[in-house]
Amino acid sequence: MLPKTDHVTAPSDSDVLHWLTNETRDERFIDNIFAELCFRLQRAGVPVKRASLHILIHHPQWLGARIMWVDGMREAEIARVDYDVRERSEYIGSPANEIHDGAAEVRENLERDPSLGRTHAVFDDMRAKGLTDYVAWPLYHTLGKRHIVTFATDRTGGFDEAHIAGLLKLLPVLALVSEIRVKNRLARTLLETYVGSHAGELILAGATRRGSGTTVRAAIMICDLRDFTRISDNWPRDDVIDLLNGYFDAMSEPIVRHGGEILKFMGDGLLAIFPLSQPTACANLLHAVAEARQAMAALNERNSDTARAPLNYGIGVHVGDVMYGNIGSRTRLDFTVIGPAVNMASRLEALTKQLGRTVLLSRAFAEIVESEFELERVGEYPVRGFSDPIELFAYHG
């Protein structure tokens, strides 16, 4: 009698489908799920050597993202895709181009004479890497959204019919699993874009009740563009939009880089805070201001090449307690900061024009940074809404 031996059954594509349907609920990121999917397909006998997922994400800066997995990778790679990609040779005539134009499948036999097949650099690259077969399909999300998934193999003869049938069986579930993660990422992206990263995290965590909020001690910065009414009345609309975008880029990027959070764009102005939970918050604010001034100088130099007048602006800075939370009507809320400290920063910004200074700091803020930065004492001035005159300082960094 022969001894008993343990028999381990190789996973099947049905096991992969079961995993995708039932065991991915705790994974937040679609790139991790996609890489694991490829590993499991290989173990199930589907000879996947390369796979990619192309997602339209409608980010303010990027059209989408490409998630790429190649045999040997522990994790998939994510590459952002610019909005102008559809004008480039890498897209024109590509499988993605065909799918976006309505093709239900792109299948390419990479073993045959290249002159008999599709001509595109992506196929030449795959042949050079020893791949023999390639297939791409649209991945349908709700409301007609079409993304793309692709698979390639180096198996002699390419994918067989059973391999293709197994992959096709996965597509509806992969669509559902990926749509949930894409929508979660889209919700986070939209919140980060419109209310800022920190406020976005709070809202996603459930801070959505009107009146909910907290008191935060922060450095407050309010910036406003000078003579914007005249500019908007006399310039073409597209030029005004281009000007505002350039101005906000120059101001915003240093703020974010130094740990500030932009809470609101107000016409031609912005409101940002640097919470004092960061010990160097006030110094960070002034570093951001210095870099923003350099960026504005560079912007004005570029604008002078097109005969545009230089842009002038004023910045008011104060420090104090602010109420940070939801304010608004029952159905339309704004996540922002309010309080006397915000009002003070606003009044100082208004005084910059009157006093001929670009950046005005309150005494309360200056006391925190005066040992590190060279400040000019401007004097004491009455500030609307406050009973006592306020000692003001200018920063020229």
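Note that the structure is predicted; figures quoted are calculated from it, not measured.
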Does the side chain of [Y] come within less than 4.5 Å of [X]'s, by heavy atoms?
X: F123; Y: P95; answer: yes
X: K49; Y: V70; answer: no
X: I338; Y: V322; answer: no
X: L271; Y: M266; answer: yes
X: E291; Y: E253; answer: no
X: E349; Y: C223; answer: no

Hydrophobic clustering (ILVMFWY, side-chain heavy atoms < 4.5 Å, transitive) - are L348 and I220 grouped together?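 Each belongs to a different hydrophobic cluster.
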Tell me whether W69 is reachable from V122 by hopping between hydrophobic residues (I, L, V, M, F, W, Y) whose side-chain heavy atoms are closer than 4.5 Å.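 Cluster IDs for V122 and W69 differ.
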L351 and L392: side chain to side chain contact (heavy atoms under 4.5 Å, CB included), yes or no, with the steps? CA-CA 10 Å; L351 280 171; L392 303 180; 3.9 Å; yes
Distance check, rounded to the nearest 0.5 Å: [X] atom [atom1] versus [Y] atom [atom2]?
X: N300; Y: Y247; atom1: CG; atom2: OH; value: 12.0 Å
X: L176; Y: T24; atom1: CG; atom2: OG1; value: 10.0 Å
X: H147; Y: I30; atom1: NE2; atom2: CD1; value: 10.5 Å
X: L41; Y: R43; atom1: CG; atom2: CZ; value: 9.5 Å
X: Y134; Y: T153; atom1: OH; atom2: OG1; value: 14.0 Å
X: M221; Y: L361; atom1: CE; atom2: CG; value: 11.0 Å

For [X], does the [atom1] atom have more than 12 heavy-atom neighbours from other residues, nucleotides or ligands under 6.0 Å away?
X: R66; atom1: CZ; answer: no
X: E75; atom1: CD; answer: no
X: E370; atom1: CD; answer: yes
X: R88; atom1: CZ; answer: yes
X: R237; atom1: CZ; answer: no
X: R80; atom1: CZ; answer: no

Would the distance check show the side chain of [X] and the main-chain N or O of [Y] forming a donor-acceptor pair, the cut-off being under 3.5 Å?
X: T132; Y: R155; result: yes
X: D160; Y: H163; result: yes
X: R357; Y: K353; result: no
X: H100; Y: N97; result: no
X: D154; Y: G130; result: no
X: R181; Y: E27; result: yes
X: Q42; Y: V48; result: yes
X: N109; Y: E111; result: yes
X: H396; Y: E376; result: no
X: N284; Y: T280; result: yes

Check [X] against [Y] and note the closest heavy-atom contact, atom names and distance.
X: S178; Y: L139; answer: OG-CD2, 3.6 Å
X: A103; Y: R146; answer: O-NH2, 3.4 Å
X: G397; Y: R293; answer: O-CD, 3.3 Å
X: E374; Y: Y395; answer: O-CD1, 3.9 Å
X: T358; Y: T352; answer: O-CG2, 3.8 Å
X: A364; Y: H318; answer: CB-CE1, 3.9 Å

Consider only side-chain N and O atoms of N245 and D249, and report whether a donor and an acceptor are under 3.5 Å apart.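 Distance-only check fails for N245 and D249.
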If we ignore angles and hydrogens, is there a donor and acceptor under 3.5 Å between the side chains of D15 and H18?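 Result is no, nothing qualifies.
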Might you work through the ring pair (Phe, Tyr, Trp, His ring centres under 6.0 Å) test for H287 and F373, ending with a clear yes or no? CA-CA 10 Å; H287 287 308; F373 295 86; 5.2 Å; yes
Might you work through the side chain to side chain contact (heavy atoms under 4.5 Å, CB included) test for S52 and V149, ending with a clear yes or no? CA-CA 6 Å; S52 62; V149 62; over 6 Å; no
Mind running side chain to side chain contact (heavy atoms under 4.5 Å, CB included) on I255 and L285 for me, showing each step along the way? CA-CA 7 Å; I255 291 172; L285 187 153; over 6 Å; no
Thinking salt bridges, do [X] and [Y] make one under a 4.0 Å N-O criterion?
X: R74; Y: E36; answer: no
X: R86; Y: E90; answer: no
X: D124; Y: R127; answer: yes

Full working for side chain to side chain contact (heavy atoms under 4.5 Å, CB included) between M344 and V383: CA-CA 8 Å; M344 174 64 77; V383 176; 4.2 Å; yes
